[in-house]
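Below: the structure, in structure tokens.
Letters A, B, ... are given to chains in the order of the sequence lines, protein chains preceding strands, and every chain is numbered from 1. Fair warning: this is a prediction, and the values are worked out from it, not measured in the lab.
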Amino acid sequence: MPTVPNMPKRLLEFRDRAAIAGVGYTPFTKDSGVSTLTLACRAVLAALEDAGLTPDDLDGLATHRVGDSAPPTLVGPALGLADLSWHLDQFGGGSVSHAVVGQAALAVAAGLAETVVCYRAVNARSEFRMGGTGRGVPVSPETQYQAPYGYVAPPQQFAMYARAHMLRYGTTAEQFGTLAVTQRANAAKNPRALMRAPITLDDYLASRWIAEPFRLLDCCLETDGACAVVVTTAERARSLRRHPVLVSAAAWGGGTSHLSCPDPTVTAAAALAPRLYAQAGLGPQDIDVAELYDCFTYSVIVQLEDYGFCPKGEGGPYVASGATAPDGALPVNTHGGFLSEGYVHGVNHIAEAVSQLRGDAGDRQVPGAEVALSTSQPGYILPATSALILRRA
Amino acid sequence: MAAYRPEPDRDSRAWWERVARREFAVQECESCGTLRFPPRAFCAACRTEGWRWREIAPEGAIESWIVSHRSFAPGRHDPYPVVMVRLTAVPGCLVYGNWRGERPPEAGEPVRAVFTQVDAELTLIDWMPESSTPARSGENQANC
Ligand SMILES: [Zn+2]
């Protein structure tokens, strides 16, 4: 079991206290035709239905937001919830998706709430695109040192870090492409996925430049959609409709600023990972399936290193070896990820991990999956990251 | 022209004013001497507030770069390069700028700041190979 210096013993008391009892989705589309609030309500209700619960069972709501969002203060009243004993509207994009579920798990473990739905709803394709067109520059004090140079959008920023990794370790476009091809093949088996037509490495290499070294097929899909998960106590989850999935560990981490980053090829996940594994009493060798934040191909490669699945610098060869394919040592992004299923800011990765651990992932089921790792954006740009280890009860 | 005009804040306004005078300066902690960028009230090393401006050599090394092929910002025409530069004098810090070399940058390549005057109020810092001399009008290498 990995050790963490000065780890508080109380950290272990949290292990397996909370569970995920249901998941819910809206369809993923390029134009939902409805409001972000409507998407949020539909996903929340779908997750409750999956758990065998009703809105009257709900006493907590949580989301994260950057740009488009439907906060609990809108969703609660819209669903006729006159009182919520716990709620959270967490600032941040993909860096905090897993933190939100971690905080809900803490809330139910502490007794502040019994049943919380964590959700994310976005019209990120039809109304509020993340790609840097048609909307203003995000306001951060750091923006002034980048935006004047036309350096504003996530594909540019992650391309910059990806090139640093290529220069340092010899990571190649073909390795990024192998990841994109593998995840598309996974999406072909996922009825929810926006992009299901198989692609080849040649298709990847022929796709147009977005920001060199990134091509179109390195980038996630801008998506309209919502996804939600029901978090409750492990005890209560055992009496509900679905096989419970326990929150064995939840960890938070810092990150690096655009402007002060000692080594852009190492993310905040490298410091978070030992805490996460120690809390679960597990290590990378125990992970059966990993749903890793894949805003871009490179994000997965650097996390494979920082979560300890391969040595630093070897994420590219690890992917090229087939290790992340469904029959590999570590099936990754079995739903197709943001690259091919859709981009709902991290919650769909958690929901897929839950499906895999319940054993109801259909054609894309990893046989016998007992333990899953799911991660948020590893801490580039917004100095924050978070991750969960989930376990079949 | 600049894609977006910077919006100086109470921490950064004096820094932008120095850039407009073609000075390349960072903050130096009065207590422990640590250099820092971007401008902030507190030293992250010793958490004290006292500081002074320190003019530094406008030099760094290429850590990475991209070439944008989409118009991510108004006024930019494809494709345009952006470089990430590690400052020689402040190795903990990364800065960004457009590339003013006649050829693509190279990994680890030493580079020098170029001050690009956008208009009467705004000057930006771009980067060029250390060995080059500034050629275009309105550009001028820093003077240290
Ligand atoms: Zn100091």
Side-chain angles (χ1 to χ4, degrees), chain A residues 129-171 207-216 218-219 256-265 296 298 380-381 383, chain B residues 1-13 15-16 19 36-40 44 62-84 86-87 90-99 104-108 116 118 122-127:
Chain A
R129 297 186 67 174
M130 295 287 291
T133 53
R135 59 172 219 161
V137 184
V139 178
S140 154
E142 297 195 346
T143 300
Q144 62 190 301
Y145 308 107
Q146 300 160 74
Y149 307 108
Y151 185 64
V152 292
Q156 298 175 297
Q157 295 156 340
F158 278 84
M160 191 72 89
Y161 296 117
R163 169 125 36 207
H165 198 275
M166 297 169 89
L167 294 172
R168 178 89 52 99
Y169 302 112
T171 310
S207 70
R208 63 187 164 88
W209 290 119
I210 300 297
E212 290 177 59
F214 278 170
R215 297 167 167 85
L216 180 68
D218 285 297
C219 303
T256 52
S257 152
H258 281 298
L259 302 166
S260 58
C261 181
D263 181 352
T265 67
F296 303 95
Y298 166 70
Y380 286 125
I381 304 175
Chain B
M1 65 169 276
Y4 289 97
R5 295 188 75 87
E7 295 175 24
D9 54 40
R10 291 178 180 191
D11 287 326
S12 70
R13 186 161 290 113
W15 185 81
W16 282 107
V19 171
R36 65 179 187 263
F37 179 84
R40 294 282 190 271
I62 293 288
E63 185 108 354
S64 187
W65 71 93
I66 60 166
V67 182
S68 292
H69 286 254
R70 264 187 55 194
S71 184
F72 285 102
R76 300 312 301 246
H77 300 291
D78 308 347
Y80 62 98
V82 179
V83 294
M84 181 164 81
R86 193 168 291 282
L87 293 177
V90 198
C93 288
L94 297 168
V95 296
Y96 300 84
N98 291 124
W99 177 243
E106 292 167 18
T116 301
V118 176
L122 179 61
T123 296
L124 296 174
I125 295 174
D126 290 326
W127 297 91

* Asked: Say you draw a straight line from CD of A:Glu142 to OG of B:Ser12; how long is it, rounded to the nearest 0.5 Å?
  -> 11.5 Å

* Asked: Rounded to the nearest 0.5 Å, what separation is found between the CE atom of A:Met160 and the CH2 atom of B:Trp65?
  -> 10.0 Å

* To do: Check whether the ring centres of B:Tyr80 and A:Tyr149 lie less than 6.0 Å apart, and answer yes or no.
  => no

Expected output: side-chain [X] to main-chain [Y] donor-acceptor under 3.5 Å:
X: A:Ser260; Y: B:Gly92; value: no
X: B:Arg70; Y: A:Ile210; value: no
X: B:Arg86; Y: A:Pro262; value: yes

* Given side chain to side chain contact (heavy atoms under 4.5 Å, CB included), test A:Leu259 with B:Tyr96 step by step and report yes or no. => CA-CA 9 Å; A:Leu259 302 166; B:Tyr96 300 84; 3.9 Å; yes

To check you understand the geometry: which heavy-atom pair defines the closest contact between [X] and [Y], and what is its length?
X: B:Pro38; Y: A:Tyr145; result: CB-CE1, 3.4 Å
X: B:Ser64; Y: A:Ala164; result: OG-N, 3.3 Å
X: B:Asp9; Y: A:Pro141; result: OD2-CB, 3.8 Å
X: A:Gly150; Y: B:Phe72; result: O-CB, 4.3 Å

Is it the backbone or the side chain of [X] that comes under 4.5 Å from a heavy atom of chain A, or both, or neither?
X: B:Val90; value: neither
X: B:Arg10; value: neither
X: B:Ile125; value: both
X: B:Pro104; value: neither

* To do: Walk me through it: do B:Met84 and A:Gln146 pass the test side chain to side chain contact (heavy atoms under 4.5 Å, CB included)?
  => CA-CA 10 Å; B:Met84 181 164 81; A:Gln146 300 160 74; over 6 Å; no

* Asked: Given the rule in the side chain to side chain contact (heavy atoms under 4.5 Å, CB included) test, do A:His258 and B:Leu94 qualify, once you have shown the distances and angles that lead to the verdict?
  -> CA-CA 7 Å; A:His258 281 298; B:Leu94 297 168; over 6 Å; no

* Report the residues that fulfil salt bridge (Lys or Arg N to Asp or Glu O under 4.0 Å) with B:Arg36, sequence neighbours left out, ordered by chain and then residue number. => none

* To do: Check whether any side-chain heavy atom of A:Pro148 sits under 4.5 Å from a side-chain heavy atom of B:Arg5, and report yes or no.
  => no

* Asked: Are any non-hydrogen side-chain atoms of A:Arg208 and B:His69 less than 4.5 angstrom apart?
  -> no

* Mind checking what makes ring pair (Phe, Tyr, Trp, His ring centres under 6.0 Å) contact with A:Phe158, not counting sequence neighbours? -> A:Phe296, A:Tyr380

* Tell me, out of B:Pro79, B:Gly108, B:Gly97, who's got the most heavy-atom pairs with chain A below 4.5 Å. => B:Gly97

* Please report the C-alpha distance between B:Ile66 and A:Tyr151 in whole Å, then the side-chain angles of each, then the deciding distance to 0.1 Å, and finally whether the side chain to side chain contact (heavy atoms under 4.5 Å, CB included) criterion is met. => CA-CA 10 Å; B:Ile66 60 166; A:Tyr151 185 64; 3.9 Å; yes

* State, without any angle test, whether B:Trp16 and A:Gln144 hold a side-chain donor-acceptor pair at a distance under 3.5 Å. => yes

